[in-house]
Every structure is written in structure tokens, then in C-alpha cells.
Amino acid sequence: MSSNPTIIYTLTDEAPLLATHAFLPVVSTFTKAAGIDVVSSDISVAARILAAFPEYLTPEQRVPDALAELGKKTLEPDANIIKLPNISASVGQLTAAIKELQEKGYALPDYPADARTDEEKAIKARYNKCIGSAVNPVLREGNSDRRAPRAVKEYARKNPHSMAPWSPASRTHVSHMTHGDFYHGEKSVTVQGAREVKMELVTPSGRTVVLKPKVVLQDGEIIDSMFLSRKALLAFYQEQIDDAKETGVMFSLHVKATMMKVSHPIVFGHCVRMFYKEAFDKHAALLDSLGVNVNNGMADLHQKIANLPASQREEIERDLHACQEHRPALAMVDSAKGITNFHSPNDVIVDASMPAMIRAGGKMYGADGRLKEVKAVIPESTFARIYQEIINFCKWHGAFDPKTMGTVPNVGLMAQQAEEYGSHDKTFEVPEAGVANITDVATGEVLLSQNVEQGDIWRMCQVKDAAIRDWVKLAVTRARNSGMPAVFWLDPYRPHENELIKKVRTYLKDHDTAGLDIQIMSQVRAMRYTLERVKRGLDTISVTGNILRDYLTDLFPIMELGTSAKMLSIVPLMAGGGMYETGAGGSAPKHVQQLTEENHLRWDSLGEFLALAVSLEDLGIKTGSSKAKVLAQTLDAATGKLLDNRKSPSPKTGELDNRGSQFYLSLYWAQELAAQTDDAELAAYFAPLAKTLLDNEATILAELLAVQGKPADIGGYYKADEAKVTAVMRPSATFNAALDSLGK
Ligand SMILES: NC(=O)C1=CN([C@@H]2O[C@H](COP(=O)(O)OP(=O)(O)OC[C@H]3O[C@@H](n4cnc5c(N)ncnc54)[C@H](OP(=O)(O)O)[C@@H]3O)[C@@H](O)[C@H]2O)C=CC1
Ligand SMILES: O=C(O)CCC(=O)C(=O)O
Ligand SMILES: [Mg+2]
């Protein structure tokens, strides 16, 4: 193995993976000049599935557990990882991926949705490790620093994206629970001394059901116990569905079934069943026998009834339609295809869906393809309230103006599986009524106790003290480096956050905060304060827990820049390394569809360009490589030029796409390297490439454009064919030859 400094570049899924097939050859070509190795690590959902079932595969088919290896790497001080967004799979996506792999000759077992035998249960448990947020919590061994780079913000100011107007008369609003949700019943404690606890349910008959036998806690860790009442949730849904019908606004449900992979599919399923209550009641036995589980969306139902005799299937469909007659209109995901908000629990993901709605003037698409006012149902009140606050603000002040609005960077708590990231294996649908206790294993002392009923969702979260210290330090550093005020969005009425507030106050004293403006405010006040400043063009750092990290780093970038793909998204790893995420958005499934139908990839790799520059800069500092530093500086300059010259991908087929944008990045990067005077060797090395690319600009663009407008075959979705994807993503022989010729 070489001892060269190494950048690990992740291979993920969907649009970012396609873009990687074009960009990675560029990255390797440029970094080779500085003696930097670039290695890839396949953490796609397909690779993770294959890694989980080696004994079902032939030796040639087996793959290493790249995610586990990468997770270990994050704990090493020299880690330098570029992490692209990956699919956090729903059960629907998981089963589709399994089917595709089986068809490709991988003898994987089926997903046993209704596991009964021990063997089936074991298989299901292995598969369940591949669903939801399975990657990010493993790799994010540091807190989150997300912000719009200055050049990107300036570009957005000069080239504002469209923002639909807001009317003060808009009836769009957020509906959330006012009792019985996680917020209202939460209890929290900071543990004194390392210990082990268990989660157990004591039934009225005195029987003890151990749901989680052991959770290891460190000294000073904050833990919470909270539950969401099934009864209260159902009553809430009933009220909201009736209210939307009576008042004539469209109904929409926004959850995060990926990150809250245990609780939110349940929360989603209750809403679907309530909406179609009469049909579900009437066909309960049949739907049950078919194993229909609408926690996985209506898609699951339609798939499972597809093979019923026509008359039976049609009766169910008729009864479902009959429910719609006396229900409010539903927001659509794809009105042309008749795909509603209930199709799949992660077609509408709250972090991206609410900003899109706010940017559209408080509207979502209806079944007729028109934008309409909407009731946005976000059951948990903990964070739903921030969206109502921004809606209030927009109704009063009108839409934000990207030309003048301030910026809101975020410092987010997420290290070491903080908060919701660590809750996946500590979230349970309560099997029977009782007292839910978090109990010290050694002493039997009950630390936190809740009265729960059957069907309630009970969960425990943890945050390690070291993660909190690091988060406070990062917030102070960002406030100091940026000169912006920083606001901790923490609510003293929420027990968990009250514990956090105590620690924040303590750890702030470890730092020199002289001259800094650092405040602590509850979320709604923090939102209001921040928006008042945003409107006046003033910048404010939001310092938040994990969920608001996620929500705000889509919300503000989408308002400010039109997309969260243009964010700088850094995870300073606590062990000393760095992970550079690309943007704050996801894997844009719609983009893949456009590529396969029309051979146009509108994915913007700006996030990758920004991440690579910081990765190179960091590598330069840590290894003392001046060449890496020059590569970083010139890449930044090239990215600025790309923006100025408007060479980002267009969403329209027939115009410049991801591949064309990457060509321009390569051209500008080579030109910047050739022109710089800090490293003559690099300048001489890249001058011929700069010339070849410029001389052949027209030819390359023509070659790139020639392929568009026709379907593209990539040989699969979850595990596309390498050779085919490479052929599709590198269609310019002239560009490929120019890259290949470098250094020869
Ligand atoms: N870091 C991670 O690993 C993350 C992963 N995800 C995962 O991604 C998947 C999709 O999530 P979803 O909530 O739909 O959000 P996405 O961010 O993938 O999609 C929302 C929209 O944002 C726009 N967009 C996002 N990134 C880019 C980009 N680089 N270039 C151009 N446009 C972009 C696209 O708009 P348009 O269609 O108008 O072009 C896209 O349709 C899920 O599986 C989710 O779990 C989500 C967030 C982060
Ligand atoms: O971890 C996930 O599933 C999604 C994370 C996400 O949306 C984000 O980090 O912004
Ligand atoms: Mg997000």
C-alpha cells in the first residue's frame, strides 16, 4: 500500500453516484499531480445489502463491509473523507433493491416483512440495518458545520432564483399535536457516573418485558425518555382531516421516515389508515392476510392487492375512492402519475418538502397539477412550530428576497449518534399498557419512568458529554471566525434541552467569548429573531440539535440559494480527521429518471467541488503539502469562475448538464493551475491540459450535447452496470482523451 496522503471518496446512490462516474476521473487526474491518492468506498444501499449477506453469495460476488470500515476510519486522525448523499432507504426501496440484485444473480433471501420463524427474524434484522439513516449516524463522528460559501451567496444575490409571492390572506398553515406527543411527555436526566441501563415495560400484572437489555452510558451523558400517544395521535389526525375538509384546504403530511426510521413510518401509517378508515375497516381481515402494511405507504397496498381477482381488487379500490369523496384533497408528489403524499413515507421528507412549499408561496401541487394552499400536518410539536413561525413571517412580510436576505449558517449537534441518530435501536411500539422504565442495570434504580398505553411509541435518546463540549467549541469558533452572532436554539420548557442549556452555559466558560454575541433562545423566538435579521440582510448562526440541524440546513439554503446542494457541509471529526459532505440535500431520485428517459443529468456537483476544495486544503495543512494547498486554492477560484460564467447544469434537456459543468470545472481548474505562480511544476504540468481543453471546447460540448434527448441505458437502478454508467457519464471521447493524456 502506498503511504501517499489519501482522500476517500464515497460511492453512493442515484444522482450523486451518476455524477461521480464523471467527476472521479477528473479528481484523480488533478490530485495525482500532488501525489495524493484517491480511493473510493462503496456505501450504496446495494453494496450495504450485499455486505450483510456474504454466505448467500458466491466468493466473487462478496463485498467487504465498506461502511463499517469507513466508520472505523472516521476515528483516525488522518481521515479525509468526501461523503456524498446516499439513499436512506424505505422498506419499498429496500425490497426493490433486493429484487434487482436477485435478478442480477445474487441469491439474496427475500425481505421477510412478516417474519415469524427465528431464521426470518434474523434475516429481517440484518436487512433492517440497511434501511433509514443507516450511513450518516455511523460516519458523522463529529458535529456539523454547514454554511453557504461567500462566493455562492454572492452569486445568488446577483442571480436570484425565483421565489413565489406570499399573500397575507394565505390559508396555508402547520398543524401539530398540542398534547400526547414526544414534546409533552419528555423526561430527561444527566447521568452522574458511567453506568448501564435497560429499557423495560412493567405491565399492570407486574410482568416485566425487557425491550432493550443494555444501553451503555458514559459519565455526564444526557438521556431522555419520551413517548407519543397513539390515542392522541389518532384524535389529532381525525381533527385535522375534518378541519381540512371543512375549510377546503389541501391536506399534506410531512415526516422524516428516513432519519426517524422506526417512529415515523408508524406515525405515517396511522395517518393513511385514518384517511381511508372506512375502507381499511371493511377490508381489515383481507388486507391483514395479504400482509399489507401502510406504514410503507399506499404503494405497498397497491402492490399487494395487484394479484387479487379483479372483482375483489376493484372493490377495495372503489372503497378507497369512496373515502376520498368525503376527505380533503391530498397534496401530490407527482400529479401526472397520480402519486399522492401517501404513496410512500419518504416521498415527502420534511426537511426538503416544507422549504419547497414555503418557496412556492405556501403551496403544494394538487391532483389537477395546480399549486394550492395547504394544511401541513407535522404531528410532533417539538419542531413543527418553527415552520408556522416562518409562515407567519412570510404572510406578514412577503416572500424573502434572495438579492438582499442575510445568511443563516448552522452548527449542529450530531456527533457520536447524538439525539435522534442514536434512537433507532431504542424506539419501540409499546406492546401493551404499562410503566416504561429506564432502569440502572446494576442497582435497579429507575432513572426515568413513563405511563404508556398499547401502540404508543416510546423512545430513548442519548447525547454524550464530549459531543456537547465539541459542539459548543465549534459554535464559538464559527462565531469568532465569521463575526456573526450565534444563537443556540434551545427550549427551557423541553427537559432534554434544559439539560443541554446547563451544559452550554458551563462549557461556554471554557472559551474566550469576549466580543462575541452568543445567545440562547427557544426555537420559536430564535426563528423570529433570525428572520427579523435575515430580512434586514443580517447574518446569524443557528446552533441547534440534530433535528434542527437537518431542517434548517435545507430551509435557509433553499430560501437563500434556491437549493441546499450549494452548501459547504463540513464535519470536523472529533478524532482529528475531516469529513466533507457535498451539499445538504439528498440524492434527487427525479434526476435519475430524467437521465434514463432523456440522457440529461441536472444534478449540480457544486457541493462536490466545494467539498473537494476544503478536503484538499485540510490535507495540505495536515501533511504540509504545498501542492495540495495550490490545488485547493485553484479549485476554489475555478468554482467561482464556473458560477460567474453560469456554467452550472440546467434542468432542461438539451442544455448544459452535469457533464458539461464538470468539463468547465476541469477547464477552469487547469487554467487556474497553469496561471498560478506559487508552484511552477504544477503550472507546467497543467498548461497543456488547459490548452487542449480550451482548444477543444466546441468539440467537447458538441459531443456532450449529442447524446441528449434519447433514453440512456445504465443497466439498473440500485446496482447499475459500471461499464454502462461510465459510457453514459463520459460520452466525450475528446474530453476523456485529454484527461488520460495528462502526465503521460
Ligand atoms: N446527506 C445525505 O445522505 C442525505 C440523504 N438524503 C436522502 O436522499 C433521498 C432523497 O431525498 P429528498 O428529501 O427527496 O431530497 P433531495 O434533496 O434529494 O431532493 C429535493 C430536490 O432538491 C433538488 N436538489 C437536491 N440536490 C441537488 C443537486 N445536487 N443538484 C440539483 N438539485 C438538487 C432537486 O430539485 P429539482 O428536482 O427541482 O432539480 C431535488 O428534487 C432520500 O433517500 C433521503 O433519505 C436526503 C438528505 C441528505
Ligand atoms: O441521515 C439522513 O437520513 C438524512 C440526513 C439529512 O437529511 C441531512 O443530513 O441533511
Ligand atoms: Mg437534510
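Quantities reported herein were computed from a predicted structural model and do not represent experimental measurements. Residue numbers start at 1 and run along the sequence shown.
Aromatic rings of F488 and W471 (six-membered ring for Trp) have centroids within the 6.0 Å cut-off, being under it.
F686 pairs by the ring pair (Phe, Tyr, Trp, His ring centres under 6.0 Å) definition with F30, not counting sequence neighbours. Y718 meets the ring pair (Phe, Tyr, Trp, His ring centres under 6.0 Å) test with no other residue; sequence neighbours excluded. Remark: F23 engages F609 in a ring pair (Phe, Tyr, Trp, His ring centres under 6.0 Å) (not counting sequence neighbours). For K153, the salt bridge (Lys or Arg N to Asp or Glu O under 4.0 Å) criterion is met by E560, not counting sequence neighbours.
Side chain of E186 to backbone of H496: a donor-acceptor contact under 3.5 angstrom is found. Between the side chain of S28 and the backbone N or O of P25, no donor-acceptor pair lies under 3.5 Å. Panel note: side chain N143, backbone A415; a donor-acceptor pair is recorded below 3.5 Å. Remark: the backbone N or O of I87 is paired with a side-chain donor or acceptor of D13 at under 3.5 angstrom. T10 places no side-chain N or O within 3.5 Å of a backbone atom of T12 that could act as its donor or acceptor partner.
For the 3.5 Å distance criterion, the side chains of T544 and N410 qualify, holding a donor opposite an acceptor. Of the N and O atoms on the side chains of T634 and E672, not one donor lies less than 3.5 Å from an acceptor on the other residue. Judged purely by distance below 3.5 Å, without hydrogens or angles, the side chains of Q93 and N346 pair a donor atom with an acceptor atom. Looking at Q462 and K426, their side chains do bring a donor and an acceptor atom within 3.5 Å of each other.
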Verdict with reasoning, M527 to L555, per side-chain contact (heavy atoms from CB on, under 4.5 Å) = CA-CA 12 Å; M527 178 59 103; L555 180 63; 3.6 Å; yes
- prompt: Step by step, would you call I541 with R147 a side-chain contact (heavy atoms from CB on, under 4.5 Å)?
  reply: CA-CA 9 Å; I541 301 171; R147 53 197 138 103; over 6 Å; no
As a quick check of understanding, evaluate side-chain contact (heavy atoms from CB on, under 4.5 Å) for M460 and D224, giving each step before the final call.
CA-CA 5 Å; M460 172 182 170; D224 326 315; over 6 Å; no
- For the pair R549 and R146, evaluate side-chain contact (heavy atoms from CB on, under 4.5 Å) and give the outcome as yes or no after the intermediate values. CA-CA 9 Å; R549 164 200 65 79; R146 286 182 177 177; 3.6 Å; yes
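Salt bridge absent: D37 and K32 never bring a charged side-chain N and a carboxylate O closer than 4.0 Å. Salt-bridge check for R533 with D539: failed, with every basic side-chain N at 4.0 Å or more from each acidic carboxylate O. Taking a cutoff of 4.0 Å between a charged side-chain nitrogen and a carboxylate oxygen, R48 and D65 do not qualify as a salt bridge. Checked for salt-bridge contact, E420 and K256 miss the test: no charged N lies under 4.0 Å from a carboxylate O.
Here the closest heavy-atom approach between residue L94 and residue C130 is recorded as CD1-CB, 4.0 Å. Nearest heavy-atom pair across I7 and S615 is CD1-OG, 3.4 Å.
Residue E419 holds its CD atom at 12.0 Å from CE of M414, rounded to the nearest 0.5 Å.
Residue pairs that meet the side-chain hydrogen bond (donor to acceptor under 3.5 Å, both in side chains) test with at least one member in residues 497-506, sequence neighbours left out, are T190-E499, D465-K503, R494-E497, E497-Q523, E499-K502. Residue pairs satisfying the salt bridge (charged side-chain N to carboxylate O under 4.0 Å, His left out) criterion with at least one member in residues 20-30, sequence neighbours excluded, are absent.
Relative to the six-membered ring of F182, R459 meets both conditions, a distance below 6.0 Å and an angle of at most 45° to the axis.
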